[in-house]
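The sequence lines fix the lettering, A, B, ..., with proteins before strands; numbering per chain opens at 1. Being a predicted model, the structure only gives us computed values, none of them experimental.
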Amino acid sequence: MKNITSGIYEKGAINLNEIMNSLKNQPQISNVGSILSFTGIVRNTSKEGNSVSSLTIDAYDELANKSIEKICNKIKKRQGIIDLKLIHLKGSFKISEDLVYVVVASAHREEGFKALRDTVERYKTEIEVWKKEELCDGSSDWHH
Amino acid sequence: MVEVLYFAEFKMITGKKTERFLLQKEKNVKELIELLIKQYPKLRNILISADTTTLNDSISIAINHSIKNVKNPLSLSLNENDIVAFLLPVSGG
């Protein structure tokens with residue numbers, strides 16, 4: 001079983017089951033009482049209510065991987081957090097396809113829920129990726 | 001020569017992932033931006049603030065995969081084989 005590291009991956013290079021299995025095979029698994037996961041997927045409407053047909057994620061891998069490592073290292077230092085994986089995919093995505101995985105292994109659920117939420121909020125604004133929504137009317141828009 | 005990495009709108013406008021530019025005068029970010037805008041006029045509105053000659057506040061500059069937080073980024077010196085990227089605010093998926 002390979003150890004999956006957090007970072008930027010091409011679409012299809014990794015899935016949630018592989019991340020879960022990687023966490024379950026780590027040496028400290030006997031200290032874990034909770035594994036929580038968040039999956040960000042492509043929604044069919046934009047924030048403005050327009051119909052979305054597809055989505056593109058561009059990434060500056062070198063910087064984004066550093067930012068992901070920084071977020072993970074900070075959250076993993078918290079009491080009760082055993083491990084954390086943050087995987088952001090890049091490429092072209094259809095509606096409902098997976099974009100992001102955050103998985104937290106913790107001793108107890110309370111610290112796991114907090115760590116999961118904080119990691120999600122941080123990746124949204126701190127890692128060097130850019131999202132473009134292609135709308136059903138033929139237009140497209142990069143989000144900033 | 002310096003190498004410029006393009007992301008998001010920059011990639012769309014240039015149609016490229018990366019491109020090399022020869023700096024011959026000031027050898028700084030300002031000269032590079034002038035060359036970029038000359039080649040891709042559509043980049044002006046993204047890079048330069050309206051009615052000014054300063055870099056747009058929303059743009060960050062990375063040199064050799066490190067973000068530079070300085071007061072006057074246009075004056076940043078560039079060396080042979082430096083890798084430069086102009087970054088718009090990010091938007092995680």
Please report the shortest heavy-atom distance between B/Val90 and A/Glu128, naming the atom on each side.
-> CG1-CA, 3.6 Å
Can you establish whether the number of heavy atoms outside A/Glu48 located under 6.0 Å from its atom CD is more than 12?
-> yes
Are there more than 12 heavy atoms of other residues, nucleotides or ligands under 6.0 Å from atom CD of A/Glu69?
-> no
For each of A/Lys90, A/His88, A/Glu126, tally heavy-atom pairs with chain B at distances under 4.5 Å, and name the one with the top tally.
-> A/His88
Could you tell me the separation between the CZ atom of B/Phe10 and the CH2 atom of A/Trp130, rounded to the nearest 0.5 Å?
-> 9.5 Å
Region of B/Leu88 in contact with chain A, defined by heavy-atom distances below 4.5 Å | both
B/Ala62, part contacting chain A, at a heavy-atom distance under 4.5 Å = side chain
Measure up the A/Tyr60 and B/His65 rings against each other and bin them: parallel (under 30°), tilted (30 to 60°), perpendicular (over 60°).
-> perpendicular
Taking the side chain as every heavy atom from C-beta outward, state whether [X] and [Y] have any atom pair closer than 4.5 Å.
| X | Y | answer |
| --- | --- | --- |
| B/Lys11 | A/Asp58 | yes |
| B/Ile67 | A/Leu63 | yes |
| A/Val129 | B/Phe7 | no |
| B/Met12 | A/Lys132 | yes |

Are [Y] and [X] connected in a single hydrophobic cluster, I mean Ile/Leu/Val/Met/Phe/Trp/Tyr linked by side-chain heavy atoms less than 4.5 Å apart?
| X | Y | value |
| --- | --- | --- |
| A/Ile127 | A/Ile41 | no |
| A/Leu23 | A/Leu86 | yes |
| A/Tyr101 | A/Ile95 | yes |
| B/Ile63 | B/Val70 | yes |
| A/Val52 | A/Trp142 | no |

Residue [X] versus chain B: region with a heavy atom under 4.5 Å:
| X | value |
| --- | --- |
| A/Ile57 | side chain |
| A/Glu62 | side chain |
| A/Ala59 | backbone |

Kindly say whether A/Lys131 contributes a backbone atom to a donor-acceptor pair with the side chain of B/Ser91 at under 3.5 angstrom?
-> yes
